[in-house]
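A short worksheet on the structure shown next.
We number each residue from 1, following the sequence as shown. Whatever order the structure lists them in is the order used to number ligands and atoms, beginning at 1.
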Amino acid sequence: MRTGTRISKQKQLFLKLIPMTESVNKHEEFLPVTRKKWICKKKIAKTHKHILDNKCLAEDFQSFKNKFIVKLNKQCNDMSTCDYFAQAIKVLEQSLREINTEAQNIEKVICFGLGPFTRHVQALHQLVFVICVQRLYKVKECLYFDPIFNETERKILHELNCFVMSENCEAKYEVEQPTLFYMPHCPGPLTNNLLWCNWEPKKLQNVILINNSFESITSNQPERILRTDLSYILDIQPYVKEFIIEDDYELQSIFNDLSVHAFPRFNLPPPDSDFWQKKDAPVYTDDSILTLNFATLKL
Ligand SMILES: C[S@@+](CC[C@H](N)C(=O)[O-])C[C@H]1O[C@@H](n2cnc3c(N)ncnc32)[C@H](O)[C@@H]1O
C-alpha cells in the first residue's frame with residue numbers, strides 16, 4: 001500500500017480539477033450535455049471516486065496501523081513476562097559478560113531478514129521479541145532491513161522509533177560499538193557478509209549475533225559447500241562463543257535453533273595473524289539469495 005505518496009499526488013490533481021468541476025456545474029443548467037462534456041464529467045466522477053478510495057485507504061491504513069500497534073504492545077507485555085524471554089535475556093547477559101563491554105550494554109540493534117511481520121506470524125513474534133530487547137536495554141538506535149517489507153511495515157517500524165535502511169547492504173555492516181544483530185533464520189550468506197565486513201578483532205568483538213546456531217550450520221553441511229559459500233562462518237567457528245537459547249516458546253518454528261554468538265577478544269587469533277587477512281567481498285554461487293527475488297520465492 002503506497003497510499004502516502006499516491007494520496008498527495010491525487011490531492012494535487014484534485015485541487016487542479018476543482019475550477020473545472022465548478023465551471024461544468026455552473027453551465028450545465030443552460031447547455032445541453034454534449035458527448036465530449038459527458039465523457040469529461042464521467043472522467044471527473046471517476047477521479048473523485050479514486051480520491052475517495054484513496055481517502056478510505058488512508059483511513060484504513062491509519063486504523064490498521066493503530067490496531068496493529070495496540071496488538072503489538074499487548075504481545076510485548078506477554079513476551080516480556082514469558083519464560084522464553086527470561087531465559088533468552090539470561091543467555092544474552094552471559095554473552096555480554098564474555099565480551100566484557102564496559103557497561104555490559106547494547107548500543108545498537110540491527111535486524112536483518114525479519115520477514116513480512118504484518119503478513120507472517122513467525123516474523124511478528126520475532127519482531128515482538130526484538131522490540132522487547134530494545135526496550136529492556138533502552139537502545140536508542142535500532143535499524144531494520146528486509147527487502148520484503150512493504151510500505152505499511154516500513155511505516156509501522158518508523159512509528160516504533162525504528163529506522164528502516166533504504167538500501168540493501170546485504171548485511172555488510174561495520175560496527176564500532178557493541179551491537180546486537182538479530183537475524184533469525186536468515187540466509188547464511190548474510191551472516192557470512194556480516195563477518196567479512198567486521199573481519200578484525202577490534203570490530204568483531206562488538207558483534208553480538210542472534211541467529212541460527214553456527215554449530216548446526218557447520219555440522220550439518222559438507223565442508224566443501226561451506227568453504228564455497230560460508231567460509232567466514234567456517235573459519236570463525238573454532239573461536240566463537242555460542243550460547244544456545246532453549247526454545248520453549250508457546251509456538252513452534254519461530255525461535256528454534258537460535259543461539260547468541262559472541263566473539264570475545266581473548267578467544268580470537270591475535271590481530272597481526274594472517275587469519276585476519278582482508279579479502280575481496282564474498283561472491284555466492286546463488287546471488288538471488290540476497291535479493292527480493294529470493295524473498296518473494298521463499299516465503
Ligand atoms: C527464511 S526468511 C526468514 C524470515 C523470518 N525471520 C522467519 O524466521 O521466518 C529469510 C528472510 O531474509 C530476507 N532477506 C533476503 N535478502 C536479504 C537482505 N539482503 N537483507 C536483509 N534481509 C534479507 C528475506 O526477505 C526473508 O524475509
Side-chain angles (χ1 to χ4, degrees), residues 68 72 75-76 79 84-85 88 108-134 141-154 156-158 160 162-175 179-198 207-214 216-217 220-221 229-230 232-233 244-261 281-299:
F68 185 88
L72 185 108
Q75 282 188 265
C76 282
M79 172 67 78
Y84 172 77
F85 189 72
K108 235 189 224 188
V109 166
I110 303 191
C111 182
F112 289 124
L114 182 70
F117 58 86
T118 62
R119 303 164 271 158
H120 194 232
V121 70
Q122 281 88 340
L124 172 65
H125 286 261
Q126 292 165 356
L127 173 67
V128 170
F129 176 86
V130 71
I131 294 281
C132 285
V133 174
Q134 285 168 199
E141 216 180 330
C142 307
L143 285 81
Y144 284 67
F145 185 79
D146 190 317
I148 211 168
F149 286 157
N150 60 19
E151 191 65 14
T152 306
E153 284 151 356
R154 281 192 281 270
I156 288 173
L157 285 171
H158 182 74
L160 294 165
C162 300
F163 180 84
V164 181
M165 295 178 192
S166 53
E167 304 230 326
N168 183 354
C169 70
E170 298 181 343
K172 291 173 197 143
Y173 193 98
E174 218 173 295
V175 290
T179 304
L180 173 68
F181 287 87
Y182 192 58
M183 300 167 61
H185 306 139
C186 255
L190 282 185
T191 312
N192 202 53
N193 280 352
L194 176 70
L195 293 172
W196 168 79
C197 199
N198 291 283
V207 173
I208 306 134
L209 172 64
I210 300 188
N211 78 334
N212 290 66
S213 156
F214 279 16
S216 1
I217 296 175
N220 291 338
Q221 292 181 64
D229 269 347
L230 305 175
Y232 287 86
I233 299 182
I244 295 168
I245 310 175
E246 294 300 338
D247 178 19
D248 61 353
Y249 195 59
E250 55 187 14
L251 301 175
Q252 286 181 350
S253 310
I254 293 178
F255 298 115
N256 56 305
D257 193 38
L258 297 182
S259 289
V260 183
H261 302 86
V283 183
Y284 299 102
T285 17
D286 180 8
D287 255 359
S288 68
I289 214 157
L290 301 169
T291 63
L292 182 59
N293 212 7
F294 167 79
T296 330
L297 283 173
K298 295 277 160 129
L299 282 170

Exercise for the section: Please could you name the atoms of ligand 1 that N168 approaches to less than 4.0 Å, counting only its heavy atoms? Expected result: 18 (C), 19 (N), 20 (N)
Fill in the blank from the handout: Restricting to heavy atoms, the pick from D146, I148, N256 nearest atom 25 (O) of ligand 1 would be D146
Problem - Q122 neighbourhood, listing ligand 1 atoms whose heavy-atom distance to it stays under 4.0 Å - result: 9 (O)
Fill in the blank from the handout: ligand 1 atoms nearer than 4.0 angstrom to some heavy atom of P187 are 10 (C), 12 (O)
Problem - Atom indices of ligand 1 within 4.0 angstrom of G115 heavy atoms, with elements - result: 27 (O)
Problem - Close approach, P184 and ligand 1, non-hydrogen under 4.0 angstrom - result: yes
Exercise for the section: Give a yes or no answer on whether the side chain of N192 reaches the backbone of Y232 with a donor-acceptor pair at less than 3.5 Å. Expected result: yes
Problem - Parallel, tilted or perpendicular: ring planes of F255 versus Y84, cut at 30 and 60 degrees - result: parallel
Completion exercise
For F145, the atoms of ligand 1 under 4.0 Å from one of its heavy atoms are 20 (N), 21 (C), 22 (N)
Completion exercise
So the atoms of ligand 1 within less than 4.0 Å of a heavy atom of H185 turn out to be 1 (C), 2 (S), 3 (C), 8 (O), 10 (C)
Exercise for the section: Say whether H120 and ligand 1 are in contact under the criterion: heavy-atom distance to a ligand atom below 4.0 Å. Expected result: yes
Exercise for the section: Could you list the residues that satisfy ring pair (Phe, Tyr, Trp, His ring centres under 6.0 Å) with H185, not counting sequence neighbours? Expected result: none
Handout entry: Between CZ on residue F181 and CD1 on residue I210, distance to nearest 0.5 Å
Key = 12.0 Å
Handout entry: Per-atom contacts, ligand 1 versus G113 - under 4.0 Å to a heavy atom
Key = 3 (C), 4 (C), 5 (C), 6 (N), 11 (C), 12 (O), 13 (C), 21 (C), 22 (N)
Fill in the blank from the handout: Quick note on ligand 1: atoms under 4.0 Å from a heavy atom of L114 include exactly 4 (C), 5 (C), 6 (N)
Practice task
Please name the pair of heavy atoms, one in C76 and one in C132, separated by the smallest distance, quoted to 0.1 Å.
Solution key: O-SG, 3.5 Å
Handout entry: Exceeds 12 heavy-atom contacts within 6.0 angstrom, atom CD1 of I244
Key = no
Exercise for the section: Take every heavy atom of A123, measure it against each atom of ligand 1, and state whether any distance is under 4.0 Å. Expected result: no
Practice task
Report yes if the distance between the aromatic ring centroids of F85 and Y249 is under 6.0 Å, otherwise no.
Solution key: no
Practice task
Starting from the C-alpha separation in whole Å, work towards a yes-or-no answer on side chain to side chain donor-acceptor pair (under 3.5 Å) for D257 and N212.
Solution key: CA-CA 6 Å; D257 193 38; N212 290 66; 3.2 Å; yes
